[in-house]
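Structure first, commentary second.
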Amino acid sequence: MSNSIKVIHEGQQLEIAAGSTGFELFTSKTIVASRVNGELKDLAHKFADGDVVEGVEISSQDGLNILRHSTAHVLAQAVQSINPEAKLGIGPPVTDGFYYDFDVVEPFTPEDLRALEKAMDRIIRGGQRFVRRVTTDADAIVELANEPYKLELIGLKSGNQDVGEGAAEVGAGELTIYDNIDPATGDTKWRDLCRGPHLPNTRMIGAGFALTRVAAAYWRGNEKNKQLQRIYGTAWPTKDELRAYQERVEEAAKRDHRRLGAELDLFSFPEEIGSGLAVFHPKGGIIRRVMEDYSRQRHEEDGYEFVYSPHITKSNLFETSGHLAWYADGMFPPLQLDEERDENGVVRKQGADYYLKPMNCPFHILIFKSQGRSYRDLPLRMFEFGTVYRYEKSGVLHGLTRARGFTQDDAHLFVTPETMEAELTNVLNFVLDLLRDYGLDDFYLELSTKEEGNPKFVGDDAIWQSATATLEKVATQSGLELVPDPGGAAFYGPKISVQARDAIGRTWQMSTIQLDFNLPERFDLEYTAADGSRQRPVMIHRALFGSIERFFGVLTEHYAGHFPPWLAPLQVVGIPVADAFSEYLHGIVSQLREAGVRVTVDDSDDRMQKKIRNHTKDRVPFQLIAGGEDEAAGAVSFRYRDGRQENGVPVAEAIERILTAIRNKEQV
RNA sequence: GCCGACUUGGCGCAAUUGGUAGCGCACCGCACUUGUAAUGCGGGGGUUAGGGGUUCGAGUCCCCUAGUCGGCUCCA
């Protein structure tokens, strides 16, 4: 009987005393937990013979989650210390922080947050230990009799039901409670149903936390359930890291397209028009028009045909497509034309409901059906900047990225099963190539597939399989990371979506390429095959920008308003050092204007420094400054948005440099 | 849609416990004519999102509507 055990740590076998824990093994103060045979455990967990163990650094992803989850517990303790009637929901870590849900009579206010932060600070300074205790369902039900939501979680666990994403309270295996023990007295100050692990004590949370906002959230994420009050917070190993995080948040706020849209005079959402309906101002209009023009040009080169369709249609179209049955809530209510009858009660004019279109596909389908189609006509690629209207719920509207009226760069490709793979490959490459031209170049793909056994998915299994396999093949060939999204397919077919990371690392879903077996069936689409038989085409729905407005918003944030010269509303501004040099600058500027550059000379009464400031704030890519020295040398001086300057550039070279940057879609 | 907060001249903000709206930028005018992020002086502009109520009196309190923001749910 040995009183020592052997464990493997960092590839080395160590002999340690039986009953040893992470406290003995890991000396670094930045280690907050143990990983034992791949599983996270408290530092207080006792190792067993043969365990493979390692320390979890607080700054690792697992370490941060543990820190944040422990901070959530401290928050909950603080809430109940101030309001003992508050009932606990769940409190998991999330990206950059944590939240905890509470059922309270009065919602929290921002002032409450400050008071709670102080109370948390006291708990943290108290150095309470987090102590794990195994319990049973029966005991826990008694102990947590005053916590109805915890009881529900215990019930779900016993019933082996999924608790829902993010719940850290109960997991597979033992039911555990964490006690917060006062180190001085040994008293239990607070407890929570939790599977852990936790920091060894609250002191490790330190000063790197902050409560950020309050919000309501449905219990267990279900709209039918009661709303609880959620408090969000953030937590970091050090106060410096907290500050850095807060600065990142501020940086993101500065890039917010809604803010830049107003500052740069690009677009607005006049209240008089209605929620989620934007108008583009002249400057935003230039950017949008250039975006669209280039897209048109590329589509034309790639064999797309341009079509147009009206904004409203009689209801039958969306009855056939199935949208009225499935998604009527997402559509604006109809314009109703009343039936007219003559004096004999005979219908003189039939009534009709006209709907604003929430999508363009049925129109393109009607164009397909306008004549008999041969396999020789396929693939048929129809493209339209189609403006659609969707009655988004008021709470989800968000600037240009979630609006009620927006324009899709929508294409529908009608293909034969034989050409499907080649066409998909082509479309994906086309999409990625074009996105790169707009300055996005960091992508991954998501493959959304059918959920087996779910009856909502229509269409033949064999087609699903071959289509999914084809999409997967095409996606894999792109060489990009491919993330599976099982069950995420639309009911009518699988899809690939292109996710793009922007300049500050956020990801946006951009393009989608969807296969559709449903609409060809519903609209009874056919073409004549080479052998004379009637065949059903497959439809590919493809939006590249998704919505132009949304893409515009994403690009605005990606560039933080510093659009590359080819997109910038004003590409060049001339700034004379003094009025005397205005004429000289006009001479240069007129050459640029003749070459199609958007350019002006600032002849206002402002001083040069003020003009530089104004145009820098306006994000004009090229400021051309000229004074006596430049004029004497036949040169001009460049100043860029970031303050860089290059003086004495010969005029011809300056013009060429500007034209080259625009032509090549360079960023400056 | 749900919960909460918010809504003051074009923009950003002020207005002690309710006592009849101020500032900066922008705008207009005048003067100044200057080498790399704000020249000076003067002027115009709001009845405080809209509507209703309490009060001697409301930007400040209450109610309704609209809109915005943060979340939740949703996103064909």
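In what follows, every heavy atom counts, from backbone to side chain, and hydrogens, waters and symmetry copies are set aside. The chains referred to below are lettered A, B, ... by the order of the sequence lines, with proteins before strands, and numbering in each begins at 1.
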5'-most by nearest nucleotide on RNA chain B - Ser637(A) or Asn222(A):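 Nearest-nucleotide comparison on RNA chain B picks Ser637(A).
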I want to confirm an ordering. Mapping Gly274(A) and Lys617(A) to their closest nucleotides on RNA chain B, which one lands closer to the 5' end?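 Comparing both residues, the 5'-ward one is Lys617(A).
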Would you indicate what [X] reaches in the nucleic acid, counting non-hydrogen atoms under 4.0 angstrom: base, sugar-phosphate, or nothing?
| X | answer |
| --- | --- |
| Thr616(A) | base |
| Arg402(A) | base |
| His398(A) | sugar-phosphate |
| Phe269(A) | nothing |

Would you compute the distance between atom NZ of Lys118(A) and atom CD1 of Ile82(A) and round it to the nearest 0.5 angstrom?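 That separation rounds to 10.5 Å.
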Between atom CD1 of Ile273(A) and atom OG of Ser268(A), what is the distance when rounded to the nearest 0.5 Å?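 These two atoms lie 7.0 Å from each other.
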When you look at NZ of Lys369(A), are more than 12 heavy atoms from neighbouring residues, nucleotides or ligands closer to it than 6.0 Å? yes
For atom P, what is the distance between rG24(B) and rG44(B), given to the nearest Å?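 14 Å, rounded to whole Å.
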Pick the C1' atom in rG59(B) and in rG9(B), then give their distance to the nearest Å. 14 Å
Euclidean distance, atom [atom1] of residue [X] to atom [atom2] of [N] [Å, nearest integer]:
| X | N | atom1 | atom2 | result |
| --- | --- | --- | --- | --- |
| Gln609(A) | rU33(B) | CD | C1' | 11 Å |
| Phe406(A) | rC75(B) | CZ | P | 14 Å |
| Arg390(A) | rA76(B) | CZ | C1' | 6 Å |
| His323(A) | rC75(B) | NE2 | C1' | 13 Å |
| Leu211(A) | rG71(B) | CG | C1' | 15 Å |
| Leu585(A) | rU36(B) | CG | C1' | 14 Å |
| Ile612(A) | rA38(B) | CD1 | C1' | 12 Å |
| Tyr640(A) | rA37(B) | OH | P | 16 Å |

Identify, with sequence neighbours excluded, every residue that meets side-chain hydrogen bond (donor to acceptor under 3.5 Å, both in side chains) alongside Thr616(A). Gln623(A)
For a quick test of reading the model: is some side-chain N or O of Arg213(A) closer than 4.0 Å to OP1 or OP2 of rG71(B)? yes
Under 4.0 Å from OP1 or OP2 of rC72(B): is there any side-chain N or O of Tyr232(A) that close? yes
Close N/O contacts between protein and nucleotides 26-29 of chain B (under 3.5 Å):
unit_1, atom_1, unit_2, atom_2, d
rA26(B), OP1, Lys610(A), NZ, 2.7

Pairs involving residues 506-525 of chain A, ordered by first then second residue, that meet ring pair (Phe, Tyr, Trp, His ring centres under 6.0 Å) (sequence neighbours left out): Trp464(A)-Phe517(A)
Report yes if a donor N or O on one partner sits less than 3.5 Å from an acceptor N or O on the other, where the partners are the side chain of Arg607(A) and the base of rC32(B); otherwise report no. yes
In residues 618-630 of chain A, which residues come under 4.0 Å of RNA chain B by heavy atom?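 Residues of residues 618-630 of chain A that come under 4.0 Å of RNA chain B are, in numerical order, Ile625(A), Gly627(A), Gly628(A), Glu629(A), Asp630(A).
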Polar atom pairs between nucleotides 1-4 of chain B and protein, under 3.5 Å, N or O only, would you list them?
unit_1, atom_1, unit_2, atom_2, d
rG1(B), N7, Gly395(A), N, 3.1
rG1(B), N2, Tyr218(A), OH, 2.6
rC2(B), O2', Gln227(A), OE1, 2.7
rC2(B), O2', Gln227(A), NE2, 3.3
rC2(B), O2, Gln227(A), NE2, 2.6
rC3(B), O4', Gln227(A), OE1, 2.5
rC3(B), O2', Gln229(A), NE2, 3.0

Measure from the ring center of Phe102(A) to the ring center of Phe108(A) and say whether it is less than 6.0 Å.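 Yes.
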Pairing annotation in dot-bracket form, given for RNA chain B with Watson-Crick or G-U pairs under 3.5 Å and | for cross-strand partners: (((((((..((((.....[..)))).(((((.......))))).....(((((..]....))))))))))))....
